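My questions will all concern the structure given below.
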2 protein chains.
Amino acid sequence: MKLKEFAKQLGLSPTTVSRALSGYPEVSEITRARVAEEAVRLGYRPNVNAVRLKTGRAGAIGVVMGRAGEFHFAEFMAGMAERLVPEDTDILVIPMADPDDDKEMELYRRLVESQRVDAIIMHSPRPDDARIALLHALGMPFLVHGRSDIDVPHAWLDIDNEGAVRRATAHLLDLGHTRIAMINGRPGATYALHREKGYRSALASRGIAADPGLIASGNFTDELGFRFAKAFLERSDPPTAIVAGSMMSALGVYRAVRSLGLQVGMDVSVIAHDDVFPYLSADNMAPSLSATRSSMRAAGTRCADLALQLIRGVSPLEIHEVWPVELILRESTGPVRR
Amino acid sequence: MKLKEFAKQLGLSPTTVSRALSGYPEVSEITRARVAEEAVRLGYRPNVNAVRLKTGRAGAIGVVMGRAGEFHFAEFMAGMAERLVPEDTDILVIPMADPDDDKEMELYRRLVESQRVDAIIMHSPRPDDARIALLHALGMPFLVHGRSDIDVPHAWLDIDNEGAVRRATAHLLDLGHTRIAMINGRPGATYALHREKGYRSALASRGIAADPGLIASGNFTDELGFRFAKAFLERSDPPTAIVAGSMMSALGVYRAVRSLGLQVGMDVSVIAHDDVFPYLSADNMAPSLSATRSSMRAAGTRCADLALQLIRGVSPLEIHEVWPVELILRESTGPVRR
DNA sequence: ACATGAATTGAAAACGATTTGGCTAGCGAG
DNA sequence: CTCGCTAGCCAAATCGTTTTCAATTCATGT
């Protein structure tokens, strides 16, 4: 059913029908009601592509996805959906190319020029992320989930990674630990730098020098968690506590600790970052895992909301949010053993 | 830069330019080359929305996402991206409403009518899934990832859940286990029924009656894996082996076994289904996990490919694929202890 | 020399909506 | 009675492409 046909059935002009449905003021309430009712009854629905062409709006928000199938991604998108479904805005997944490649830039350029999305949400930027500069230059509204130091205006939402890790580390120090290892995320991303900063500043405030041999970074996988933790613990001067970057890393760490005949919470304290997944909870691990916690789903919802604001013309300069991170203490952390 | 303007720069008509770029045969090779080259140089790119309106193609494939942020979803989409990016086809995420609700149906109807996608991929159907009937009735090309008994033509790709679980169960029986528990997925979905069928048929072929007390179902979470396994093992007649539905369930099962002072692979054998995630591998668990394995990422790639075929007019009746599932034996399975 | 046909190219009509700029009717004020 | 104003509606232009139909050129066979 097309507008013209639908309008004819109603004995109205396309103009009036369009206006009635889009809520313009110059149509009488009584007609509006009739149009709305008949639209449902006859099943008339404006063709999105026509609307998009005419209005220039895409009715969709793009979200950049890494090619590695990161486990937090579905959770973030589920959060986005919560906000975007009622808004009748689509979620378009934009698979990332190799970030160091020129192709990545070309991809964004094409995406913007093709007017497929009204805004873009991107994750895990680097301090000097060229994508941010590009999106700004192209005039595309975009929201950065994470932070960057780059000198162009951009909207962002981030969690307080530095503070979270600082508190986690400080807590371990309070418990008497002095040799504390850290398993960070992929080097280069700002969040990883912030976490390292938090770690270092906590140590520094107690006059402890960070041992480079106790810092490792890599993807958030069970395997790397295991390998790094094992390597740490097999040193001649092993750490008594480990700060890990994700739930998956934590699984590996637990495994490594156990594999050496040690006990988490007794021989080795562990704190990890928990993005709050429905399928794997820190509380349920054995022993239960002390964690810095921040909901990935909530972040998705809020990011979607902020992206909508950008589309509506709010200045990127007004959109900067740092979310606090909870530190939840459970059984995996305990006083240092002597 | 619009077509008209671009064409004028070239001293050609919009018609010819459009044809040159879309690869129609009636334009001379020499002009085509020139057009292609200049398009890059001047940065001309057809406006997607205009193309979509005119051609009626959306250039996007929709994939239905559960609201629970299932952990396999990102992996599946990453697989889709592999096939769809070179094809310049978008991935649209369609958040599911409550499946029992009428809203779910309304959602699909709107989606189809708005012509936002050229095809839809849906997961985990039920045997009588009304969504399939609806999509068929609406004439929208769609691919079911999973299987359904519903009596309308539909394309599908599924793994051999029944065979996988039958083999897993049979292997446990071969090892001497006779009390074997099963932790299944959410009841209702076909894959869960198939798995139960495989489980029962393996038992039946050895003349063993399935004990309803050893069958549990629910979401694939660590927590439910733990709770179910614990409940099984605390019975007066505990099972000596457990078949679990996912990696997360397996984590919970391992935890439950350990929490009772038992040992996986010795006191209790465990087999789980592994969708192959980059962040959590069965091989790395301790003890390493015997698993029925099938790559979720590969499924995503293939599903995308099949969806493209549907769009190109291949009949749904010709698209039915059952993928075999590997059974990988590792340390978590061993002979029954007496 | 002329018709025929193949190879290129263009003009103009869609695609299905939104929106600008009237138009009409009805009402109250002057 | 006329004018001006408002409320409500409509005709037609427009968004940026693709595609139908027709026109032009040029070589070829007769």
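What you are looking at is a predicted structure, and each value in this text was computed from that prediction instead of being measured. Naming: A, B, ... by sequence-line order, numbering from 1 per chain.
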Leu3(B) has an atom CG; how far is it from atom C1' of dT14(D), in whole Å?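 So the CG-C1' distance, Leu3(B) to dT14(D), works out to 16 Å.
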Please determine whether a side-chain nitrogen of the Lys or Arg among Arg52(A) and Asp90(A) lies less than 4.0 Å from a carboxylate oxygen of the Asp or Glu.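 A salt bridge links Arg52(A) with Asp90(A).
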Pick base, sugar-phosphate or nothing for Arg52(A), based on heavy-atom distances below 4.0 Å to the nucleic acid.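 Result for Arg52(A) = nothing.
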State whether the side chain of Arg297(B) and the backbone N or O of Gly79(B) hold a donor-acceptor pair below 3.5 Å, judged by distance alone.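 Side chain of Arg297(B) to backbone of Gly79(B), a donor-acceptor pair under 3.5 Å: no, none is there.
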Could you give the distance from CD (Gln115(A)) to CG (Asn47(B)), rounded to the nearest 0.5 Å?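 Rounded to the nearest 0.5 Å, the CD-CG separation comes out at 5.0 Å.
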Toward the 5' end of DNA chain C, by each residue's nearest nucleotide, Arg57(A) or Pro14(B):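 Closer to the 5' end of DNA chain C: Pro14(B).
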Taking the basic N atoms (NZ, or NE/NH1/NH2) and the acidic carboxylate oxygens, is any pair closer than 4.0 Å for Glu5(A) and Lys8(A)?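 So Glu5(A) does not pair with Lys8(A) through a salt bridge.
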Classify Ser28(A) by what it touches in the nucleic acid, base, sugar-phosphate, or nothing, heavy-atom distance under 4.0 Å.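 Counting heavy atoms under 4.0 Å across all strands, the contact made by Ser28(A) is with sugar-phosphate only.
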With a 3.5 Å distance limit and no angle check, can you tell me whether Asp118(A) reaches the backbone of Ala58(A) through a side-chain donor-acceptor pair?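 Answer holds: yes.
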To the nearest Å, give me how far apart CG (Leu53(B)) and C1' (dT14(D)) are.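 It is 12 Å, rounded to the nearest whole Å.
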Gap between atoms CD and C1', on Glu26(B) and dA23(D) respectively (whole Å):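 Going from Glu26(B) (CD) to dA23(D) (C1'), I get 14 Å.
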Nearest whole angstrom, please: distance from the P of dT17(D) to the NZ of Lys54(B).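 Rounding to the nearest Å, NZ of Lys54(B) and P of dT17(D) are 13 Å apart.
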How would you give the extent of chain B contacts on DNA chain C, as first and last nucleotide 5' to 3' within a 4.0 Å heavy-atom cut-off?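 With heavy atoms of chain B under 4.0 Å away, the range is dT8(C) to dG16(C).
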Check for a donor-acceptor pair, side chain of Arg83(B) on one end and backbone N or O of Gly300(B) on the other, with a separation under 3.5 Å.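 Judged by distance alone, no pair lies under 3.5 Å.
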Could you give the CD1-to-C1' distance, from Ile30(A) to dC9(D), as a whole number of Å?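 After rounding, the reported distance stands at 14 Å.
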Using a 4.0 Å heavy-atom cut-off, does Thr15(A) contact any base of the nucleic acid, only the sugar-phosphate backbone, or nothing at all?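 Here Thr15(A) touches the bases of the nucleic acid.
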Looking across every strand, which nucleic acid part, if any, lies under 4.0 Å from Thr55(A) by heavy atom: base, sugar-phosphate, or nothing?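 Counting heavy atoms under 4.0 Å across all strands, the contact made by Thr55(A) is with sugar-phosphate only.
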Is there a donor-acceptor pair closer than 3.5 Å between any side-chain N or O of Ser22(A) and the backbone N or O of Ser18(A)?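 Yes.
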Criterion ring pair (Phe, Tyr, Trp, His ring centres under 6.0 Å) against His145(B), the qualifying member of Phe73(B), Phe76(B), Tyr191(B):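 So, applying the ring pair (Phe, Tyr, Trp, His ring centres under 6.0 Å) to His145(B) and each of Phe73(B), Phe76(B), Tyr191(B), only Phe76(B) qualifies.
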Taking only the side-chain nitrogens and oxygens of Tyr44(B), find out if one of them lies under 4.0 Å from OP1 or OP2 of dG16(D).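 No, because none of the side-chain N or O atoms of Tyr44(B) sits under 4.0 Å from OP1 or OP2 of dG16(D).
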Between dT17(D) (P) and Asn47(A) (CG): distance, integer Å: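 Whole-Å distance recorded here is 17 Å.
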CD1 (Ile30(B)) with more than 12 external heavy atoms under 6.0 Å: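 Result for CD1/Ile30(B): open.
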Look only at the side chain of Asp305(B) and the backbone of Arg302(B), and say whether a donor-acceptor pair between them is shorter than 3.5 Å.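 Answer holds: no.
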Over the length of the helix from dA1(C)-dT30(D) to dG30(C)-dC1(D), how much do the five-pair end axes diverge, rounded to 10 degrees?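 Terminal axis comparison yields 60°.
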Atom pair distance, as rounded to whole Å: NZ in Lys4(B) and C1' in dT17(D):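 Distance check: Lys4(B) NZ to dT17(D) C1' gives 12 Å.
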Whole-Å distance separating the OH atom of Tyr24(B) from the C1' atom of dT18(D):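 After rounding, the gap between these two atoms is 7 Å.
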Mind checking Arg45(A) for me? I need base, sugar-phosphate or nothing, with any heavy atom below 4.0 Å counting as a touch.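 Sugar-phosphate contact only - Arg45(A) comes under 4.0 Å of backbone atoms but never of a base.
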